[in-house]
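To start, the structure itself, in structure tokens.
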Amino acid sequence: RATLGLDGLPGDRSTQRLSLAIDRRKDASSLSPTDRRGRRSVALEYQGEFFGGLDVQAGVRRDFNDVFADATTWSVGLSYTLPDSGIRFHGSAGAGSVNPSYYNLFANDPWTLGNPNLAPARNRGFDIGVEAQFLDGRGVVDVTLFRETLTDKFDYVNNAAADGSGRATYRNLAGRSPRKGIEVSGRLQATDALSLGMNYTYTDSRGPNGQREVRRPRHEFGLSATHDIFGGRGSVTADLRHVAGQLDTQFWLWPSPNVALPNYTTLNLSARYDLTDNVALTGRIVNVTNRKYSDVWGYASPGRTAHIGLQAKW
């Protein structure tokens with residue numbers, strides 16, 4: 001990795017910088033030890049900060065794959081702040097590629113048979129939004145619209161194995177899988193010691209056939225609050241998460257229907273106290289109310305769990 005300051009300043013302080021990354025990877029899997037694969041990658045990124053509140057980011061990456069087709073991915077981002085207004089417009093667009101995993105390709109167990117002919121999945125998307133400050137900058141609200149299109153999506157198909165065994169296998173879905181939605185987030189410094197936050201995401205995610213995709217919640221809502229204690233030496237945080245409108249497949253039935261999973265709300269608590277300038281005591285309780293819920297049909301999520309620890313820096 002290397003970074004060059006185009007304005008003559010060191011890369012970490014430059015307002016006009018160019019970054020280069022070169023990567024090489026080789027691996028193999030116990031699922032198919034004779035099938036090795038490698039990838040060589042080169043990426044170039046430009047970041048620029050301009051007077052007048054304009055920030056620009058643009059990057060491109062080329063992957064040279066030993067097994068799969070070579071891929072070019074890219075991203076572009078813009079941010080513009082209106083002078084003396086506290087209003088910022090932002091947007092980004094990009095394209096990505098994901099290679100199949102070894103399990104996708106070579107699985108061979110009582111339930112699944114891999115598909116060595118899988119092709120990489122590809123994604124293109126963009127988002128556009130606006131951020132506004134209020135109460136003299138103590139609060140900020142951001143609203144973002146997004147849209148993505150996935151092609152050659154990996155699909156898990158029950159009782160479709162080529163060997164006639166009845167095992168499930170993977171395939172690339174023909175057509176496009178669109179996802180779109182809106183994100184709303186906000187934060188407020190209510191007092192010198194109390195900060196509040198919220199976030200909400202609405203997602204409409206569908207397959208090429210127009211049906212809703214599984215394991216993609218329609219609604220996700222969160223609230224958080226952090227209060228400093230002991231003169232700032234410690235803090236306590238509570239966060240609440242609500243998930244609604246999620247589907248999943250009853251995968252051991254045939255045919256396998258998609259069913260609605262129950263909506264749920266979970267509460268987490270965490271705390272931190274600085275014993276010294278370099279050592280802190282931490283603790284957290286996940287799923288405080290011991291809520292029973294599931295993100296995957298037939299699999300329970302963990303109940304109430306507690307953690308305590310020490311964090312040191314030097």
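- At least one donor-acceptor pair closer than 3.5 Å links the side chain of Q16 to the backbone N or O of E49.
- Rounded to the nearest 0.5 Å, atoms CG (L145) and NZ (K180) are 11.0 Å apart.
- Hydrophobic clustering (ILVMFWY, side-chain heavy atoms < 4.5 Å, transitive): V288 and I308 are in distinct clusters.
- A distance-only check finds a donor-acceptor pair linking the side chain of N172 to the backbone of A119 [under 3.5 Å].
- In summary, K153 and D155 do not engage in a salt bridge, as defined by a charged side-chain N under 4.0 Å from a carboxylate O.
- Atom CG of D136 has 12 or fewer heavy atoms from other residues, nucleotides or ligands within 6.0 Å.
- Rounding to the nearest 0.5 Å places CD of Q246 at 12.0 Å from CZ of R218.
- In terms of heavy atoms, P208 sits closest to L173 at CD-CD1, 3.9 Å.
- Closest approach of V98 and F154 over heavy atoms only: O-CZ, 3.5 Å.
- Of the possible polar contacts, none joining the D63 side chain to the N65 backbone as a donor-acceptor pair under 3.5 Å is found.
- Checking side-chain atoms of R179 against main-chain N and O of E148 turns up no donor-acceptor pair under 3.5 Å.
- Rounding to the nearest 0.5 Å gives a distance of 15.0 Å between CZ of F106 and OG1 of T112.
- With rounding to the nearest 0.5 Å, the separation of CG in N268 from CG in L240 is 8.5 Å.
- There is a side-chain donor-acceptor pair under 3.5 Å between S97 and R122.
- From R215, atom CZ reaches atom OG1 of T249 across 7.0 Å, with rounding to the nearest 0.5 Å.
- Side-chain N/O atoms of T15 and D7 include a donor and acceptor closer than 3.5 Å.
- Residue pairs meeting the side chain to side chain donor-acceptor pair (under 3.5 Å) criterion with at least one member in residues 224-233, sequence neighbours excluded: T226-T237.
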Distance-only criterion, 3.5 Å: show the donor-acceptor pairs between side-chain atoms of residues 85-95 and protein atoms not counting sequence neighbours.
unit_1	atom_1	unit_2	atom_2	d
S85	OG	L82	O	2.7
S85	OG	I87	N	3.1
R88	NE	E131	OE2	3.4
R88	NH1	S79	OG	2.9
R88	NH2	E131	OE1	3.3
H90	NE2	D142	OD1	3.3
H90	NE2	D142	OD2	2.9
S92	OG	D127	OD1	3.4
S92	OG	D127	OD2	2.5

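- Among all heavy-atom pairs drawn from E213 and S205, the shortest one is OE1-OG, 2.5 Å.
- Both F64 and L20 are part of a single hydrophobic cluster, where members link through side-chain heavy atoms under 4.5 Å apart.
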Report the C-alpha distance between H219 and H242 in whole Å, list the side-chain angles of each, state the deciding distance to 0.1 Å, and finish with yes or no for side chain to side chain contact (heavy atoms under 4.5 Å, CB included).
CA-CA 8 Å; H219 306 279; H242 178 73; 5.8 Å; no
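- The same ILVMFWY cluster, assembled from side-chain heavy atoms under 4.5 Å apart, contains both L18 and L78.
- Both V130 and L54 are members of a single hydrophobic cluster when ILVMFWY side chains are connected at heavy-atom separations under 4.5 Å.
- In this structure, L310 CG and L281 CG are separated by 6.0 Å, a value rounded to the nearest 0.5 Å.
- One N or O on the side chain of N287 and one on the backbone of P302 form a donor-acceptor pair closer than 3.5 Å.
- W111 forms part of no hydrophobic cluster, judged by ILVMFWY side-chain heavy-atom separations under 4.5 Å.
- Around CG of D192, the count of heavy atoms belonging to other residues, nucleotides or ligands within 6.0 Å does not exceed 12.
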Checking side chain to side chain contact (heavy atoms under 4.5 Å, CB included) for the pair I182/Y202: CA distance, chi angles, key distance, verdict?
CA-CA 5 Å; I182 183 171; Y202 169 85; 3.8 Å; yes
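- Atom CZ of R284 has 12 or fewer neighbouring heavy atoms from other residues, nucleotides or ligands inside a 6.0 Å radius.
- Listed by chain and number, the residues in a side-chain hydrogen bond (donor to acceptor under 3.5 Å, both in side chains) with S101 are N104 (sequence neighbours excluded).
- By the neighbour-count criterion of 12 heavy atoms within 6.0 Å, atom CG of D277 is sparsely surrounded, having that number or fewer from other residues, nucleotides or ligands.
- Among residues two or more places apart in sequence or in another chain, the side chain to side chain contact (heavy atoms under 4.5 Å, CB included) test is passed with A260 by L247.
- Across every non-hydrogen atom of D274 and A280, the tightest pair is OD1-CB, 3.5 Å.
- Within the structure, every pair that satisfies the ring-ring contact (aromatic ring centres under 6.0 Å, His included) test and touches residues 255-283, not counting sequence neighbours, is listed here: F230-Y273, Y264-Y293.
- Ring geometry for Y200 versus F221: interplanar angle of 30 to 60°, hence tilted.
- By the neighbour-count criterion of 12 heavy atoms within 6.0 Å, atom CZ of R176 is sparsely surrounded, having that number or fewer from other residues, nucleotides or ligands.
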Yes or no on side chain to side chain contact (heavy atoms under 4.5 Å, CB included) for T203 and E220, after CA distance, side-chain angles and deciding distance?
CA-CA 9 Å; T203 305; E220 285 191 80; 5.9 Å; no
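- Residues I285 and V236 fall into different hydrophobic clusters, defined by Ile, Leu, Val, Met, Phe, Trp and Tyr side chains chained together at heavy-atom separations under 4.5 Å.
- With R39 as the partner, the salt bridge (charged side-chain N to carboxylate O under 4.0 Å, His left out) test is satisfied by one option alone out of D66, D27, D23, D70: D23.
- Between the side chains of T72 and R62, at least one donor-acceptor pair of N or O atoms lies under 3.5 Å.
- Residues L135 and L188 come closest through the heavy atom pair CD1-CD1, 3.8 Å.
- Inter-residue side-chain proximity for L118 and L105 is flagged as met; some heavy-atom pair is nearer than 4.5 Å.
- Smallest separation of non-hydrogen atoms from S19 and T3: OG-OG1, 3.3 Å.
- Between the side chain of T201 and the main chain of E183, no donor-acceptor pair closer than 3.5 Å is present.
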Run Q57 and S75 through side chain to side chain contact (heavy atoms under 4.5 Å, CB included) and show every step you take.
CA-CA 8 Å; Q57 175 271 332; S75 66; 3.1 Å; yes
